[in-house]
Amino acid sequence: MFSKILIANRGEIALRIIRTCREMGIKTVAVYSEADRHSLHVRFADEAVCIGPPPGKESYLNIPRIISAAHLTNAEAIHPGYGFLAENAEFSDICDASGFTFIGPKPHMIEAMGDKARAKETMKAAGVPVVRGSDGVVKSVDEARQIVESIGVPVIIKAVAGGGGRGMRIVHKIEEVEQQVAMAQAEAAAAFSNGDVYIEKYIEKPRHIEIQVFGDTHGTVVHYNERECSIQRRHQKLVEESPSPVVTEEIRNAMGAAAVKGSASVGYVGAGTIEFLLDKSNNFYFMEMNTRIQVEHPVTEQVIGLDLIRQQIHVAAGGKISKRPRRPEGHAIECRINAEDPEKDFRPSPGMITSFHAPGGYGVRLDSHVYAGYMIPPYYDSLVGKLITFGGDREEAIDRMQSSLDEMIVEGIKTTIPFHRALMRNDRFRNGDFDTHFLETFDWKSPQ
Ligand code: MV4
């Protein structure tokens, strides 16, 4: 096992990783930008190295500075968390080449899944259901038109270098296909330095359901059930839960088996997430694979009884994972508390937290790095914390979430707490009757 790990991240996830390292008797190194000097990850790590000015490019995204910090402190492994360099193939490569274990997949795996058209072809070849459409990249607008003539509208044009909702366009009229493809290509070239796009039949009002997978270096790949992530706004998830209110044992087994088959076919090692769309007839289709630990991993942890960060470290050190299937026990739900003003179109609301109270009690978990007197810097994401509640069933978890949200105090900045309080009272949400478009019509200000 490693004796020292450097955490190439900040905020709640840096703290989350430090907590597990301490439990495991592993020393930790924090890296921080000048804006994060007073952050808890700096206080709680055994050592801390300042790696530069506030902007991400000059600190948390600056590979030479992070590698230098690892050399300086004699770290053995580097945990990237999520975001920043977590899915950067070059970083994974440089860590290994510099003698540090990257706690995540090898560069070729990150690259294979980062190209969304290639990832889809790989999964299709492994027998995982995919949405019908172009076979890989569309080479010309003529080819695009032919494909849409055969599959019919609506279709969705996606950038191969996009992902997470970036670089997508929906087309409802066949005569607009050529122009839309040309525009999508130009946009993708500008945004991702790669203009390649592919086409799929557009699935109307799907649910976003993802499967947590895990592989070890001994050839074992397992899944830890689904997370329901349909409550999202502009491709930002706001609420996640496990299990999904609509996933039956039959769907879970089929989706889980497909996710394992797809991951095992590429020899996947570490924590991964296979994202599916579930349509109205309960057909599911592979969308993307994320090769990192995700923000919403705690809901899975709470229902399967396993520390996924511990397991990432264990696997990176060459350890084996148990093949035992883990069925969800009870129900867990997570609300992302962001420093955003839901009254003003969720615009960022950084600044000083003047007063803070963390909810607690039976079945309540708060993963957060903030405290009274903490300054939320404007440079990074706006996550204040993740409030997770769990109970014997979904209703109990939601009731507990409602009372925890009522108890939570964050003053000095605007947060998404009022939005979550309204959502937890909403009948459609309570009945599990929602899809990825739910928030487009949900008015949190009107009485539920
Ligand atoms: C789709 C889709 C419908 N049909 N693909 C969005 C994020 C990325 N991971 C995949 N996404 C989607 N892909 C097909 N073939 C719907 C989404 C989607 C979505 C699209 C428009 C507006 C909001 C959305 C929210 C979640 C998923």
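Each ligand, and each atom within it, is numbered from 1 in the order the structure gives. What's counted below: heavy atoms across the whole structure, side chains too, no hydrogens, waters or symmetry copies.
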ask   = For K386, which of E240, E296, E12, E301 qualifies under salt bridge (charged side-chain N to carboxylate O under 4.0 Å, His left out)?
value = E12
task = Flag this pair as yes if the NZ/CZ of R428 is under 6.0 angstrom from the six-membered ring centre of F438 and inside a 45 degree cone about the axis; otherwise no.
result = no
request  = Anything under 30° is parallel, anything over 60° is perpendicular, the rest tilted; go ahead and classify F214 against Y224.
outcome  = tilted
query = In ligand 1, which numbered atoms sit nearer than 4.0 Å to a non-hydrogen atom of Q232?
reply = 25 (C), 26 (C)
query = Does an N or O from K158, backbone or side chain, lie closer than 3.5 Å to an N or O of ligand 1?
reply = yes
inquiry  = For ligand 1 and E275, I'd like to know whether there is a polar contact (N/O to N/O, distance under 3.5 Å).
reply    = yes
request  = Would you kindly specify which portion of I156 sits under 4.0 Å from ligand 1, judged on non-hydrogen atoms: side chain, backbone, both or neither?
outcome  = side chain
query = Would the H297 and Y82 ring centres measure less than 6.0 Å apart?
reply = no
inquiry  = As an exercise, identify every atom of ligand 1 less than 4.0 angstrom from a heavy atom of M287.
reply    = 1 (C), 5 (N), 10 (C), 13 (N)
task = Return the residue, atom name and 0.1 Å-rounded distance of the protein heavy atom closest to atom 16 (C) of ligand 1.
result = L277 CD1, 3.8 Å
message = Would you compute the distance between atom OG1 of T273 and atom NE2 of H223 and round it to the nearest 0.5 angstrom?
response = 13.0 Å
request  = Consider ligand 1: state whether an atom of it lies below 4.0 angstrom from any non-hydrogen atom of R234.
outcome  = no
ask   = Can you tell me the protein heavy atom closest to atom 4 (N) of ligand 1 and the distance?
value = I203 N, 2.9 Å
query = Is the closest side-chain donor-acceptor distance between Y285 and D279 under 3.5 Å?
reply = yes
key: For atom 19 (C) of ligand 1, the protein heavy atom that lies nearest, with its residue and separation   = H235 CE1, 3.8 Å
query = Take atom CD in E176; do more than 12 heavy atoms of anything else shown fall under 6.0 Å from it?
reply = yes
Heavy-atom proximity to atom 8 (C) of ligand 1, best of E210, E440, E288, R207 = E288
message = To the closest 0.5 Å, what do you measure between CZ (F84) and CG (D381)?
response = 7.0 Å
inquiry  = I need the nearest protein heavy-atom contact for atom 7 (C) of ligand 1: residue, atom name and distance, please.
reply    = G165 N, 3.4 Å
message = Please tell me whether E440 and H437 have a donor and an acceptor in their side chains that are separated by less than 3.5 angstrom.
response = yes
message = Counting only heavy atoms, tell me which of R169, K237, M168, K116 gets closest to atom 11 (N) of ligand 1.
response = M168
task = For E200, take its heavy atoms, then give the atoms of ligand 1 lying under 4.0 Å from any of them.
result = 5 (N), 14 (C), 15 (N)
message = Counting only nitrogen or oxygen atoms and a 3.5 angstrom limit, does T436 reach ligand 1?
response = no
query = For the ring pair F442 and F429, is the centre-to-centre distance below 6.0 Å?
reply = no
task = Please indicate whether any nitrogen or oxygen in K201 is less than 3.5 Å from any nitrogen or oxygen in ligand 1.
result = yes
